[in-house]
Amino acid sequence: MHSNSELVTHPDSPLSPPKSSDFRFPKSSRLLTPKDYAQVFADAEKFANRHWTLIVRANHLDYPRLGLAIAKKQLPRAVWRNRIKRIAREAFRLHKKELCGYDIVVLSRKGMQEIDSFALQKSFLHLVRKIRNSRLKSAPGRKERL
RNA sequence: AAAGUGGGUCGGACAACCGCGGAGGUUUUAGCCUCGGAGGAAAGUCCGGGCACCGCAGAGCAGGAUGCCAGCUAACCGCUGGGCGGCGUGAGCCGACGGCCAGUGCAGCAGAGAGUAAACCGCCGAUGUUCGUUUAGGCGAGCAGGUAAGGGUGAAAGGGUGCGGUAAGAGCGCACCGCGGAUCUGGUAACAGAGACGGCAUGGUAAACCCCAUCCGGUGCAAGACCAAAUAGGGAAACAUAGUCGCUGCUUGCAGCGGCGCUCUGCUGCUCGUAGAGGUUUCCGGGUAGGUCGCUUGAGUGAAGCAGUGAUGCUUUUUCCAGAUGAAUGGUUGUCACUCCUUUGGAGUACAGAACCCGGCUUAUAGACCCACUUUUCUU
């Protein structure tokens, strides 16, 4: 729970410059094909709060993977969608360590474009903590199905 | 100085750290280094073109688009210049701006009547006729009828004003204005000016059908071209099988044919009989997932000169400026700039995000700046 204490000590600046080395975000840590997405949606847990909805599934890899499903219906402007995607990516990138072994798909909410970036960041990290504490990847039932 | 008109430019800057997509280099295939990475509208997808595939002898019909004239352009519903009409003191702005004497249609209410006009009130009743009256001439009343000058209705009453004329009136006649207009002049043209003559004709509506002139094949980069795993299926070849016996050929241990026999399936459950199939490997073509190309050097950008009122064209020169594909172009911090507020501080910096590429149009846009011009006021 070392990373948890880090979160608590810097509640005002969740995006402060990271100290450890690996915060990169290569293609291997993204969901790239429709098949990847379908797999996550087929058998997954839902984590949600006021701003975000995250679909999470254990992937049994050493690293996490992120997918973005930002619907045009909910955020009609391209600028809005880009902004939400970038916030999600940035939050994911800076907290990869805590999400190891999970595939995550981020869903959008109507009216999201009104909330400022700082609030969205904090809200995302709240869900990150919930996922990490859930111990979903060690659940036996799901392992068998893979 | 204020108010305004038209056009143009920019649309936060710099640094550090953490990241993302592309190209090149290096190379220990995972890094490292270098270079560059959103817009004026990238938007709406409303027009036009390139490009790609499909269709197509030629022509016509249908359907659609455009619509004062000339020019520019690859093309256009675009742009430039000009004309006409309207608005504004003005700089300027706005205009689907061809044709309803080819045809068909439409028009509420009011009103007597609304498109081959119409007689409600009014005026007249010369002419014709009836009656009355009078010696007679004549006079009076009525009717037939005449009349669009006046009243009234209406957005609009079938040119306006005046004089003549008349029973009363009337383009019935005349003058001026308006309208049409042979012809002449200027202009490439739209159109403008003059105008013999005509005689009141020709009301409105074509974002009503329609007519006339010009133009238009369809679908869009998920176009389209290429490479192509695995699985199933198709075709071909080689090797093998459970064997054994016989025959034939010769290169003498192989090949072919036939019988018996093995496994499975069908023909009736079984037997017999009979028919069909047999395992492995390789190759070929079609083709799915997936991948590559199309994909950014182009009607390109900047500068100068020349031609043109201008849109634009030509010549020389300069430069390479995003190419993603579950989709990059970002985040944090600091300094500065500008704006606002509740002023030791805080907040904000528009509209908005490439998806094959260009030329336009339309719409959105905090704020800042520049140029030209107009009107008003003040000072000299």
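No hydrogens, no waters, no symmetry mates; every other heavy atom, side chains included, goes into these values. Predicted model only: the values in this text are computed from it and were never measured. Chain letters run A, B, ... following the sequence lines, proteins first, then strands; residues in each count from 1.
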- Message: Nearest heavy atom decides the nucleotide; on that basis, is A:Val79 or A:Arg89 closer to the 5' end of RNA chain B?
- Response: A:Arg89
- Toward the 5' end of RNA chain B, which comes first, A:Val105 or A:Ala78, by nearest nucleotide? A:Val105
[N] to [M] separation - [atom1] atoms, rounded to the nearest Å:
N       : M       : atom1 : value
B:rA62  : B:rA223 : C1'   : 29 Å
B:rU129 : B:rG198 : C1'   : 43 Å
B:rG22  : B:rG291 : P     : 14 Å
B:rC215 : B:rC76  : C1'   : 11 Å
B:rC79  : B:rG360 : C1'   : 9 Å
B:rC47  : B:rG193 : C1'   : 42 Å
B:rA118 : B:rG113 : C1'   : 4 Å
B:rA74  : B:rG300 : P     : 11 Å

Mind telling me if [N] is syn or anti? Syn here is a glycosidic angle within 90° of 0.
N       : value
B:rG21  : anti
B:rA38  : syn
B:rA182 : anti
B:rU296 : syn
B:rG171 : syn

Could you please name the partner base of [N], counting Watson-Crick and G-U wobble pairs only when both distances are under 3.5 Å?
N       : value
B:rA41  : none
B:rU28  : none
B:rC338 : B:rG348
B:rU104 : B:rA208
B:rG294 : none
B:rC369 : B:rG8
B:rC35  : B:rG22
B:rG313 : B:rC306

Could you state the atom-to-atom distance from [atom1] of [X] to [atom2] of [N] in whole Å?
X       : N       : atom1 : atom2 : result
A:Arg83 : B:rC20  : CZ    : P     : 22 Å
A:Lys85 : B:rC20  : NZ    : C1'   : 14 Å
A:Trp80 : B:rA364 : CH2   : P     : 17 Å
A:Leu32 : B:rA328 : CG    : P     : 12 Å
A:Arg81 : B:rA324 : CZ    : P     : 20 Å
A:Leu94 : B:rC17  : CG    : P     : 17 Å
A:Asn82 : B:rG19  : CG    : P     : 22 Å
A:Ile87 : B:rA328 : CD1   : P     : 14 Å

- Please state whether the phosphate of B:rG19, meaning OP1 or OP2, lies under 4.0 angstrom from any side-chain nitrogen or oxygen of A:Arg93. no
- Ignoring backbone atoms, establish whether A:Arg86 has a side-chain N or O less than 4.0 Å from OP1 or OP2 of B:rG21. no
- Item | Under 5.5 Å and under 30°: A:Phe25 stacked on B:rG19 | no
- Item | side-chain contact (heavy atoms from CB on, under 4.5 Å) evaluation trace for A:Met112 with A:Leu75 | CA-CA 8 Å; A:Met112 251 178 142; A:Leu75 299 171; 4.1 Å; yes
- Task: Find out whether the Lys NZ or Arg CZ of A:Arg89 is both under 6.0 angstrom from the six-membered ring centre of A:Phe25 and within 45° of the ring's axis.
- Result: no
- Query: Minimum heavy-atom separation for A:Ser108 to A:Gln74, with atom names?
  - Reply: OG-OE1, 2.6 Å
- Query: A:Pro26 and A:Lys96: which non-hydrogen atoms are nearest, and at how many Å?
  - Reply: CD-NZ, 4.3 Å
- How long is the span from the CG atom in A:Leu120 to the CZ atom in A:Arg50, to the nearest 0.5 Å? 11.0 Å
- Message: Any base atoms under 4.0 Å from A:Leu31, or only sugar-phosphate, or nothing? Heavy atoms, all strands.
- Response: sugar-phosphate
- Task: Please say which of A:Phe92, A:Phe118, A:Trp52 ends up in a ring pair (Phe, Tyr, Trp, His ring centres under 6.0 Å) with A:Phe124.
- Result: A:Trp52
- Salt bridge between A:Asp103 and A:Arg65, side-chain N to carboxylate O under 4.0 Å? yes
- Task: Would you mind reporting whether A:Arg30 and A:Leu66 have side-chain heavy atoms less than 4.5 Å apart?
- Result: no
